[in-house]
Amino acid sequence: MTKDEEKRIAGRAALRYVEDGMVVGVGTGSTVAHFIDALAERKHLIEGAVSSSEQSTRLLKERGIAVLDLNSAGDIPLYVDGADECDAHRCLIKGGGGALTREKIIAAVAKTFVCIIDAGKRVDVLGRFPLPVEVIPMARSYVAREIVKRGGQPVWRDGVVTDNGNWILDVHHLRITQPVELERDLNQIAGVVTVGLFAQRPADIVLIGSEEMR
Ligand SMILES: O=C[C@H](O)[C@H](O)[C@H](O)COP(=O)(O)O
């Protein structure tokens, strides 16, 4: 089974958590694109979607799914999103597609966060995938120096501007054995907008696409 088939199966499996009349939080990425395809089949039954990126907003609108503003949407009973890595405690690294800030906001609001991944995303220790950190542009060098002090090797994602007008540092060479503490620590650095660690608010449910799930 290819990685994309695993993503498609996980994306479709998330549909079982969608209930009539719901506002659904929608993440970003190639796995979520499969979820959006599946969600389109229920578009007349849900109230609409709150989107975590311009990319997902475009996909949702192309499929005729109503996109709602988070400020007026009220409760978000369900959030469905992918991840770049996932450990046994459902802590995640996210932000490979640069959408981490809006994703973290919707995850915080949502009652249930269903994470959809292919099998290659499961790890024992987070950090093989470089940790994305969204920064205010003028703080890039300062934040990078602070991260070096903590043992990481930050690499500027040159040329990438997030939906919020910020920049991203991808932090290599981390072995994240204490994700909650690291998330809290990096969040304290002035100029950091969002750390792509979802440990203080991990996923509630992880769906890993597999043959058995078909
Ligand atoms: O910023 C992007 C998101 O955090 C994605 O959910 C993550 O990068 C996983 O993307 P994909 O499903 O394409 O592997």
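Remember, predicted model here, so these are calculated numbers, not experimental data. Indexing begins at 1, ligand by ligand and atom by atom, following the structure's order.
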Can you list, pair by pair, the side-chain donor-acceptor contacts under 3.5 Å of residues 116-132, counting residues two or more places apart and other chains?
from: D118; atom 1: OD1; to: K121; atom 2: NZ; distance (Å): 3.4
from: D118; atom 1: OD2; to: G120; atom 2: N; distance (Å): 3.2
from: K121; atom 1: NZ; to: A83; atom 2: O; distance (Å): 2.8
from: R122; atom 1: NH1; to: C86; atom 2: O; distance (Å): 3.4

Contacts under 3.5 angstrom, residues 63-71 side chains, donor-acceptor by atom type, not counting sequence neighbours:
from: R63; atom 1: NE; to: D37; atom 2: OD1; distance (Å): 2.5
from: R63; atom 1: NH1; to: L59; atom 2: O; distance (Å): 3.2
from: R63; atom 1: NH2; to: D37; atom 2: OD1; distance (Å): 3.2

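Distance check, rounded to the nearest 0.5 Å: CG of L100 to OG of S53 gives 11.5 Å.
Within the structure, side-chain hydrogen bond (donor to acceptor under 3.5 Å, both in side chains) pairs that include any residue of residues 74-85 comprise Y79-D81, D81-K94 (at least two apart or interchain).
Ordered by chain and residue number, the residues placing a heavy atom less than 4.0 Å from ligand 1 are K7, T28, G29, S30, T31, D81, G82, A83, D84, K94, G95, G96, G97, G98, A99, E103, K121.
When T194, I168, V193 are each tested for a side chain to side chain contact (heavy atoms under 4.5 Å, CB included) with T162, only one passes: I168.
A salt bridge does not link E183 to R201: none of the charged nitrogens lies less than 4.0 Å from a carboxylate oxygen.
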